[in-house]
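None of these values were measured; they are calculated from a predicted model. Side chains included, hydrogens not; waters and symmetry mates left out as well; all remaining heavy atoms used. So you know, we letter chains A, B, ... as the sequences are listed, proteins then strands, and number each from 1.
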Amino acid sequence: MNALINWLDNRTGLKKLMHEALYENIPGGARWRYVWGSTLMFTFTIQVITGLFLWTAYSPSTTTAWESVYYIQHHMQYGWLVRGLHHFSASAMTVLLALHLMQVVIDGAYKAPREINFWLGLILMQIVLGLSLTGYLLPWDQKGYYATQVSTEIMGATPVVGPQLQQLAQGGPQYGHHTLTRFFAMHAGVLPGTLIAFIVLHIAVFRRHGITVPDPDRAPATTFWPDQVLKDGIACLAVLGTVLTLTIWHHGAELAAPADPSEAYSAARPEWYFLFLFQFLRFEWVEHQGLAFGAIYLPGALMAILAAMPIIGRWKVGHAFNVVFLFVMMVGIIGLTGLALKNDAADPDFTAAVRQAHDDSVRIEELAERPEGIPLEGAVSLLRADPKAQGPRLFARNCAPCHRYDGHDGTGRKVTRKDAIVAEVLEKQADGTKKKVKKIVGYKPPVEELATASDLGKFGSPDWIKAVITDFKKTFAALENVKDKDDKSKIAESSKHFLEGEMAGWSSSHANHWRADAKNEHALDDLVAFLYSQGQRRGAPGVSDEAPKRGRQIFETGILPVGKFESNCIDCHSLQPIGEDKLLGEVGAGPTLTSYGGDRWLREFLSNPGHEKFYGSNNTMPAFGERLTEKELDLLVRWMVGDYE
Amino acid sequence: MSQPHLDLHESPSSEPRRGFMTHILAAGIGLLVGAIPACAGLAFFLDPLMRKKKGASGDGFIKMPVALEALEIGGEPQLVKIIMDKVDAWNTYLKQPVGAVYLRRTDKDKVAAFNSRCPHLGCAVDYKPAEKHYFCPCHTSTFDVDGVLQNDIPPRGLDTLDVQIRNGSEVWLKFQNFRATTPEKIPVG
Ligand code: FES
């Protein structure tokens, strides 16, 4: 062994190198405050190790990036662990970077002759932030996609060369395959390579001047190995413990639904350590200065002050200024981050968007796990063709202006309205005179918008059918909110047709029939079962089951165990039973009930509710056959009738 | 730092013991923090070796696109492409060519099938009708019409595949690839 080491040493100078690396003098003894640099090196090492392994499974293109990350996360052994370590170590690195910087500034380690090393450190910080930014996009999920869009748009706002810079970063005018290949080359090649080069310089220069010791007489001098190494090791262990705990706790890093440029993502936020900048850009006064001010000049100015610290430090109170400046900046960053989190938590739209994003990510996993696998067009096509994912969105856009779905808009958001506050303000005219003009000066707090049509959360279900039969008025009570155009206190004529129409009358005049006898209550269930079976939804009874057969008798004859209907269902409604060609009743008076609440009925009804077999001339609902594409109508209908796995 | 042996500023009398413990601990912790991410990464990298083969549905036989009658008894081997669904990581490719076989009817109800992959190093074997033998263009392996090796280049004869005649005229075949270079037939995948 010794001979081998001597042989190597002879040719490489290994011993001297090791000695220099390990036996650096530390006056005043090993201390915890010196560990930050080592923990940073350690997190970077984790990133290199996990990054290289992730590289073996990652595929950068718009149709395979998300898919390969999904495969890493859910199918490869310990994929979630490696990816989680990579993700949380990146966060840890940012935190440690801030701590390292603070320690350096507080200890005055930036002062002569260490200025160059301080600047090298600031460059390292930029590279690390660049790594975070480029890495965030690589999974090509909604979260990374929309957050990175913001970054590249900011890049595009750079004075003079912005648009060119943006195109170079994106590999074209829009995001595509080359955005990923370019970001990946930056993330896995250029930036880490540069980082390593600068780390080597940083450490070399650091070793030249030695450690900055605030009080050298505190304890006897020691050497880096083993005293400081032990402290560094324990600190690294603590960092690793934290990162591992977070990884296991979250079962790796989150993977949102695959990126879809056609699907807005209201839950878009940058990585948490950029939230302060995000929050800053939301202030209107910042916006008034222009995007370049908030996103480029101001952060640039802060960085410039940081970079000037060694020069400022020469001045008598310079060091104090530097410490205070850094402290204020940190408080500002933490404050803005806190504000961003607080605003988001209090914003129901945001929390709903986060919930929806989460639902999407769960759903896409279900879809991708099917035996058919992920199609070659990418996983996003699975979500686009999925009624469960698209139905709520279509409902929110098309139906929720009037209807509700279990009280919300289908996607879980409350339907609200923000009224503008209009006031008369004095405004300078072009000719220099002032004039009073009406202007929107703000908005009132959002209020919940009243529904003007029925809540369709239960539409077509037995509960719904029962409610329509036994309490028609209550089921459609929201129509009362449709006010007359001329007299706002009066219900509109169109709603009256409905709420005071024949069915409403029939429903209330027969309400007592159901309660007259327990047998009648069962008869009601049979009647409901009959109609429900005709819709042929999943889980509905077969049309020839006993209960639907009994229900059909009541539908046709109106004879109840106790008593009888005054007028029968088929006196107003027509219904063509499944598998038969004879029509019960006649088309005309009331809406047809052929396969009521089922796929066919709903599809035809939504396409043209004003058709004579539905509401005819009483109709006030728009014909969605003209507003939706066939595909959209299909997704909406299948979602509403529950036709999906 | 409550444990005495970790206190780095103790009196010089305990110096050797303290020094030794510090060395061991420093080295141990250093190794541990490096080993954890490295081991996680390595386990991840070894995924292909740990991947269990998904149980194929059914008995693994697939129907060939040629009927028994279309093959002449004792006639020339026919090259048939094997079309199967192929799972590649997260994608499933439907009906993809995954290989080729030579089919030759040897008797009224007997069909011999050879995988067209050369057992030497995996090139595709050609049938030469003029010479009535199989020939591999890569390193000149030669096999007779029954797949028996004719020179010493290949390690074994052409790989035979199981064939069943079903319903009188349907040719069903169990498609498999075998490891190259070994004298024995060892299935892969
Ligand atoms: S691969 Fe066929 S002879 Fe070598």
- prompt: Any side-chain heavy-atom pair from A:Gln77 and B:Asp47 closer than 4.5 angstrom?
  reply: yes

Under a 4.5 Å cutoff for heavy-atom pairs, which residue among [options] has the most contacts with chain A?
{"options": "B:Gly41, B:Ala43, B:Pro48", "answer": "B:Gly41"}
{"options": "B:Thr92, B:Val33, B:Ile29", "answer": "B:Val33"}
{"options": "B:Gly30, B:Ala89, B:Pro37, B:Ala40", "answer": "B:Ala89"}

Distance-minimising heavy-atom pair for [X] and [Y]:
{"X": "B:Phe44", "Y": "A:Phe53", "value": "CE2-O, 3.1 Å"}
{"X": "B:Asn91", "Y": "A:Pro375", "value": "ND2-O, 3.5 Å"}
{"X": "B:Gly34", "Y": "A:Phe42", "value": "N-CE1, 4.5 Å"}
{"X": "B:Ala26", "Y": "A:Pro226", "value": "CB-O, 3.9 Å"}
{"X": "B:Ala38", "Y": "A:Ile49", "value": "CA-CG2, 3.8 Å"}

With a sphere of 6.0 Å drawn around [atom1] of [X], does it hold more than 12 non-hydrogen atoms of other residues, nucleotides or ligands?
{"X": "A:Tyr78", "atom1": "OH", "result": "no"}
{"X": "B:Lys132", "atom1": "NZ", "result": "no"}
{"X": "A:Trp225", "atom1": "CH2", "result": "yes"}
{"X": "B:Asp107", "atom1": "CG", "result": "yes"}
{"X": "B:Phe45", "atom1": "CZ", "result": "no"}
{"X": "A:Arg363", "atom1": "CZ", "result": "yes"}

- prompt: In terms of heavy-atom proximity below 4.5 Å to chain A, should B:Leu94 be classed as side chain, backbone, both, or neither?
  reply: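 For B:Leu94, there is no contact with chain A at all, as no heavy atom is under 4.5 Å.
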
Name the region of [X], side chain, backbone, both or neither, that has any atom closer than 4.5 Å to a heavy atom of chain B.
{"X": "A:Leu240", "result": "side chain"}
{"X": "A:Leu52", "result": "neither"}
{"X": "A:Thr64", "result": "both"}
{"X": "A:Ser59", "result": "side chain"}

- request: Between chain B and each of A:Leu85, A:Asp232, A:Leu244, A:Thr56, count heavy-atom pairs under 4.5 Å; write down the option with the most.
  value: A:Thr56

- prompt: Atom CE in A:Met76, atom CG in B:Leu46: separation rounded to 0.5 Å?
  reply: 10.0 Å

